[in-house]
Q: 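One structure is given below, represented as structure tokens, and several questions about it will come after.
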Amino acid sequence: MSLLNILRYPDPRLHKVAKPVSLFDDRLKKLVADMAETMYDAPGVGLAATQVDVHEQIIVIDVSETHDHLQVFVNPALTWASEEKQVYDEGCLSVPGIYDGVERPARVKVKALDADGKEFEMEADGLLAVCIQHEIDHLRGKVFVEYLSPLKRNRIKTKLLKEQREMQRAS
């Protein structure tokens, strides 16, 4: 296993739409393992393949306290979302150090395949529901800051670009 490089907002590659996975092979299993290792190391609770510059519909999530309940979603699709909404302070490994409230459906149903290509469907609420929606957004080329006002989004973009310039100067 190896750690993957996480793209940072406003990298344009974060806006590429991911393609469905059709081949469930050793390459996919290694990618899932590398994504999980990268997510745990970051540390985070979710990671979409888009964030590591792989534009395929793959998500890894672990919202457990013990970080030992990895869930893999390949070609995920929301099949239902509650009318009830909730605002959750979201963060993102591609937008380090930034957290802000995003309103989303409180409960969702998702249909997906596991890393072996076996179909499953599940209902989620709380942090898991937020995480599933957040990561599916990544597969669609959308970053959570796009839910914020243009003013907040521009401040975040300016701050992160400044941090990147400072990191490049330091290295």
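None of these values were measured; they are calculated from a predicted model.
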Q: What heavy-atom pair brings Ala124 and Ala129 nearest, and what distance separates the two atoms?
A: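 Smallest heavy-atom distance, with atoms named: O-CB, 3.5 Å.
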
Q: Could you measure the distance from the CD1 atom of Ile58 to the CG atom of Leu113? Nearest 0.5 Å is fine.
A: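 Atom-to-atom, Ile58:CD1 and Leu113:CG are 11.0 Å apart.
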
Q: Hydrophobic clusters here meaning ILVMFWY residues chained together by side-chain heavy-atom distances under 4.5 Å, can you tell me if Tyr88 and Leu47 are in one?
A: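 No, separate clusters.
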
Q: As a quick check of understanding, evaluate side chain to side chain donor-acceptor pair (under 3.5 Å) for Glu121 and Thr79, giving each step before the final call.
A: CA-CA 9 Å; Glu121 189 168 12; Thr79 58; 3.0 Å; yes

Q: From Leu127 CG over to Glu90 CD, what is the distance, rounded to the nearest 0.5 angstrom?
A: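 One finds 9.0 Å between CG of Leu127 and CD of Glu90.
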
Q: Evaluate whether atom NZ of Lys30 has more than 12 neighbouring non-hydrogen atoms of other residues, nucleotides or ligands under 6.0 angstrom away.
A: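 It does: Lys30 NZ has more than 12 such atoms within range.
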
Q: If you look at every heavy atom in Ala48 and His138, which pair is closest and at what distance?
A: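 Scanning both residues completely, I find the closest heavy atoms to be CB-CB, 3.5 Å.
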
Q: Heavy-atom distance under 4.5 Å between the side chains of Val110 and Met122, does that happen here?
A: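 Touching, per the 4.5 Å side-chain cut-off.
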
Q: State, yes or no, whether a side-chain contact exists between Leu4 and Glu37 at a heavy-atom distance under 4.5 Å.
A: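 Not in contact.
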
Q: Side chains of Met167 and Lys162, heavy atoms from C-beta outward: is any pair under 4.5 Å?
A: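 Not touching, per the 4.5 Å side-chain cut-off.
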
Q: How close do Ser94 and Gln51 get, counting heavy atoms only, and between which atoms?
A: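 Answer, listing the atom of Ser94 first, then Gln51: OG-NE2, 3.1 Å.
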
Q: To the nearest 0.5 Å, what is the distance between CD1 (Ile156) and NZ (Lys159)?
A: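 Going from CD1 on Ile156 over to NZ on Lys159, the span is 8.5 Å.
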
Q: Check whether Glu146 reaches the backbone of Lys142 with its side chain - one donor and one acceptor, N or O, closer than 3.5 Å.
A: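 No: the side chain of Glu146 does not pair with the backbone of Lys142.
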
Q: Does Asn154 use its side chain to pair, donor to acceptor, with the backbone of Pro150 at less than 3.5 Å?
A: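 Indeed, once roles are kept as given, a pair shorter than 3.5 Å links the two residues.
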
Q: Locate the shortest heavy-atom distance separating His134 from Arg104; write the atom from each residue and the value.
A: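 Reported closest heavy-atom pair: CA-NH2, 3.6 Å.
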
Q: When you compare the side chain of Arg153 with that of Tyr9, does any pair of heavy atoms fall below 4.5 Å?
A: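 Side-chain contact under 4.5 Å: yes.
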
Q: If you round to the nearest 0.5 Å, how far is OG of Ser2 from CG of Asp41?
A: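 If I round to the nearest 0.5 Å, the distance is 11.5 Å.
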
Q: For Glu166, does the CD atom sit with more than 12 other heavy atoms under 6.0 Å from it, leaving out its own atoms?
A: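 Enclosed: over 12 neighbouring heavy atoms sit under 6.0 Å from CD of Glu166.
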
Q: Is there a donor-acceptor pair under 3.5 Å between the side chain of Asp62 and the backbone N or O of His69?
A: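 Yes; judged by distance alone, with no hydrogens or angles, the pair exists.
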
Q: Check the side chains of Asp100 and Tyr147 for a donor-acceptor pair under 3.5 angstrom, ignoring hydrogens and angles.
A: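 No, no side-chain donor-acceptor pair sits under 3.5 Å.
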
Q: Which pair of non-hydrogen atoms, one from Gln57 and one from Pro76, has the smallest distance, and what is that distance?
A: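 Shortest heavy-atom separation between Gln57 and Pro76 comes out as O-CD, 3.9 Å.
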
Q: Please tell me whether Ile98 and Val130 are part of a single hydrophobic cluster in this structure, the criterion being side-chain heavy atoms less than 4.5 Å apart.
A: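 Cluster IDs for Ile98 and Val130 differ.
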
Q: Looking at Lys29, I want to see if its NZ is surrounded by more than 12 non-hydrogen atoms of other residues, nucleotides or ligands under 6.0 Å.
A: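 More than 12 within 6.0 Å, yes.
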
Q: Indicate the atoms forming the closest heavy-atom contact of Ala42 with Gly44, along with that distance.
A: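 Residues Ala42 and Gly44, closest heavy atoms: CB-N, 4.1 Å.
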
Q: Does a side-chain heavy-atom distance below 4.5 Å link Leu128 with Ile61?
A: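 Side chain of Leu128 against side chain of Ile61, heavy atoms only: contact under 4.5 Å found.
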
Q: Quick one: does Asp89's side chain have a donor or acceptor within less than 3.5 Å of a partner on Tyr99's backbone?
A: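 Looks like no, no N/O pair under 3.5 Å.
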
Q: Between Asp114 and Phe24, is there a side-chain heavy-atom distance shorter than 4.5 Å?
A: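 No - every pair of side-chain heavy atoms lies 4.5 Å or more apart.
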
Q: Which residue in the set Thr50, Val52, Asp53 passes side chain to side chain contact (heavy atoms under 4.5 Å, CB included) when paired with Arg13?
A: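 Single side chain to side chain contact (heavy atoms under 4.5 Å, CB included) partner of Arg13 among Thr50, Val52, Asp53: Asp53.
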
Q: Could Arg107 and Glu84 be called an ion pair, given the rule that one side-chain N must be under 4.0 Å from one carboxylate O?
A: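 Answer for the salt bridge query: yes.
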
Q: Return the orientation label for the Phe73 and Phe120 ring planes: parallel under 30°, perpendicular over 60°, tilted otherwise.
A: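 The rings of Phe73 and Phe120 sit tilted, inter-plane angle from 30° to 60°.
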
Q: Apply side chain to side chain contact (heavy atoms under 4.5 Å, CB included) to the pair Glu103 and Gln86, showing each step before the final yes or no.
A: CA-CA 5 Å; Glu103 184 180 71; Gln86 70 178 6; over 6 Å; no

Q: Quick check: do Val145 and Leu148 have side-chain heavy atoms less than 4.5 Å from each other?
A: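 Yes, their side chains come closer than 4.5 Å.
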
Q: Would you kindly confirm whether Val54 and Leu93 end up in one hydrophobic cluster when ILVMFWY residues are joined by side chain heavy atoms under 4.5 Å apart?
A: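 In one cluster with Val54: Leu93, yes.
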
Q: Would Val63 end up clustered with Val108 when hydrophobic side chains under 4.5 Å apart are linked, directly or stepwise?
A: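 Per the 4.5 Å side-chain linkage, Val63 and Val108 are co-clustered.
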
Q: Can you confirm whether Met39 sits close enough to Val45 that some side-chain heavy atom of one is under 4.5 Å from a side-chain heavy atom of the other?
A: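 Result no, sub-4.5 Å side-chain heavy-atom pair not found.
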
Q: Salt-bridge test for Glu135 and Arg140: reply yes if a basic N is under 4.0 Å from a carboxylate O, no otherwise.
A: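 No, no charged N to carboxylate O under 4.0 Å.
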
Q: State yes or no: do Ile6 and Val143 share one hydrophobic cluster built from I, L, V, M, F, W and Y residues joined by side-chain heavy-atom distances below 4.5 Å, directly or via other members?
A: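 The answer is no; the residues belong to distinct hydrophobic clusters.
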
